[in-house]
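Notes for the one structure printed next.
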Amino acid sequence: CFTAVPAVGNEGGDNWRPVKKLNGQWVYQLFQEEPEFVIETSKRVAHDYQKVITQAQQEEISSATINVEEGKKWVFGSLLKWSGPIVEAGYLSHKQVVQLTADFEGAIEQKGADFFGYAHGNTIGDHILIGDDKTIYLFGMRLVLRPGKGYYDILRALDWLLLNISSNERTFELFTGWMKSHLAEENWEEVKLVFALRCIGILGWDMLHRGDEGAGEPASKRAALLRFIERKY
């Protein structure tokens, strides 16, 4: 559903811009007016990127082998790095982080290589451009090993939106509904576990470490993120 054009990194390296000017809007800029379109487009892009990965593996551009140890290093390294600022701020306890670690260990032990899959890693709101002619452009093309085989990129799109849109009392229910609707075929407890890690990244690394509070009121955003991290839903 998407195409790609030559692009270069913007200053700061967090975004991309096409080498030749394209007229259009980043998909997140459409969220206030068309939230369902933004979610559906993000899902379609994430789904179709799996086709790109399959083709790359068939043509031996990329390996199809899942290195479980490499996947574990990313999961536990990220959990350690991202959770530190949250524990330091008093929003999570060390005991809760230990429990999350144990739950990931259990999931990996149970599923092995099937717990991991290759993904784009950043199918997020400012990497997807909707052209004025409705062409969808995806930037930052790459293959990375991540938990949540086949669906990690959908969760990545959602966690980025959590940071970058205004939150209110309905935010938690809206995002939970989208997850249940678009990931109905996946194991729900596993989805909640992987999304907890993604939300730890948003709260611990983006908001607390980098000081990026996104859009809207930080307290309501933090409350929604903590509910996802605690997985009590």
Side-chain angles (χ1 to χ4, degrees), residues 9 12-16 46 49-50 52-58 60-89 91-124 127 138-160 162-163 179 183 186-210 212 225-226 228-231:
D14 293 330
N15 199 350
W16 300 84
Y49 200 75
Q50 290 297 309
V52 174
I53 293 169
T54 298
Q55 186 74 14
Q57 291 170 341
Q58 290 174 348
E60 298 184 350
I61 297 169
S62 170
S63 171
T65 302
I66 300 295
N67 185 323
V68 175
E69 290 304 313
E70 178 186 339
K72 288 168 66 175
K73 286 180 181 178
W74 187 87
V75 166
F76 297 119
S78 298
L79 181 57
L80 179 65
K81 179 173 70 174
W82 296 341
S83 65
I86 308 177
V87 174
E88 186 176 348
Y91 298 128
L92 278 183
S93 69
H94 175 68
K95 183 178 180 180
Q96 288 173 295
V97 177
V98 170
Q99 184 61 59
L100 276 164
T101 302
D103 289 345
F104 269 109
E105 288 173 340
I108 296 168
E109 183 177 350
Q110 180 181 10
K111 297 190 70 173
D114 286 337
F115 186 67
F116 298 97
Y118 286 98
H120 177 287
N122 276 319
T123 52
I124 55 180
H127 281 54
L138 176 65
F139 297 92
M141 308 276 279
R142 60 179 187 160
L143 277 73
V144 294
L145 191 62
R146 294 290 185 265
K149 182 177 182 179
Y151 63 84
Y152 176 89
D153 279 333
I154 299 173
L155 296 184
R156 181 68 179 105
L158 289 174
D159 77 63
W160 190 93
L162 265 175
L163 176 65
M179 289 164 63
L183 296 172
E186 305 295 344
N187 180 290
W188 182 234
E189 292 304 315
E190 182 184 302
V191 169
K192 287 164 63 177
L193 179 62
V194 176
F195 197 56
L197 178 62
R198 284 300 337 154
C199 290
I200 286 172
I202 294 296
L203 179 56
W205 197 251
D206 291 310
M207 294 183 69
L208 297 177
H209 176 75
R210 293 177 54 240
D212 180 2
L225 288 165
L226 285 170
F228 283 121
I229 292 168
E230 292 169 355
R231 295 175 288 159

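This chain uses plain numbering: 1 for the first residue, then up along the sequence. Heavy atoms only: backbone and side chains are in, while hydrogens, waters and symmetry mates are out.
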Does any part of the side chain of [Y], heavy atoms only, come nearer than 4.5 Å to the side chain of [X], both counted from C-beta?
{"X": "K111", "Y": "E190", "result": "yes"}
{"X": "F195", "Y": "R231", "result": "no"}
{"X": "R142", "Y": "N122", "result": "yes"}
{"X": "V97", "Y": "W82", "result": "no"}
{"X": "I200", "Y": "L225", "result": "no"}
{"X": "F104", "Y": "L197", "result": "yes"}
{"X": "Q99", "Y": "Q96", "result": "no"}
{"X": "P147", "Y": "W74", "result": "yes"}

[X] versus [Y], closest heavy-atom pair with distance:
{"X": "I154", "Y": "A46", "value": "CG1-CB, 3.6 Å"}
{"X": "S83", "Y": "L79", "value": "OG-O, 2.6 Å"}
{"X": "A56", "Y": "L143", "value": "CB-CD2, 4.4 Å"}
{"X": "V144", "Y": "H120", "value": "CG2-O, 3.8 Å"}
{"X": "C199", "Y": "I229", "value": "CB-CG1, 3.7 Å"}

Steps toward side-chain contact (heavy atoms from CB on, under 4.5 Å) verdict (I108, F116): CA-CA 9 Å; I108 296 168; F116 298 97; 3.8 Å; yes
Give a yes or no answer on whether the side chain of [X] reaches the backbone of [Y] with a donor-acceptor pair at less than 3.5 Å.
{"X": "Q50", "Y": "Y118", "result": "yes"}
{"X": "D153", "Y": "G121", "result": "yes"}
{"X": "H127", "Y": "W16", "result": "no"}
{"X": "N67", "Y": "E69", "result": "yes"}

Working for side-chain contact (heavy atoms from CB on, under 4.5 Å), residues L193 and L100: CA-CA 8 Å; L193 179 62; L100 276 164; 4.0 Å; yes
Results of side-chain hydrogen bond (donor to acceptor under 3.5 Å, both in side chains) for E105 - residues two or more places apart only: none
Pairwise side chain to side chain donor-acceptor pair (under 3.5 Å) hits with a residue in residues 191-208, at least two apart: Y152-R198, D159-R198, E189-K192, D206-R210
Stepwise side-chain contact (heavy atoms from CB on, under 4.5 Å) check, I66 with K149: CA-CA 11 Å; I66 300 295; K149 182 177 182 179; over 6 Å; no
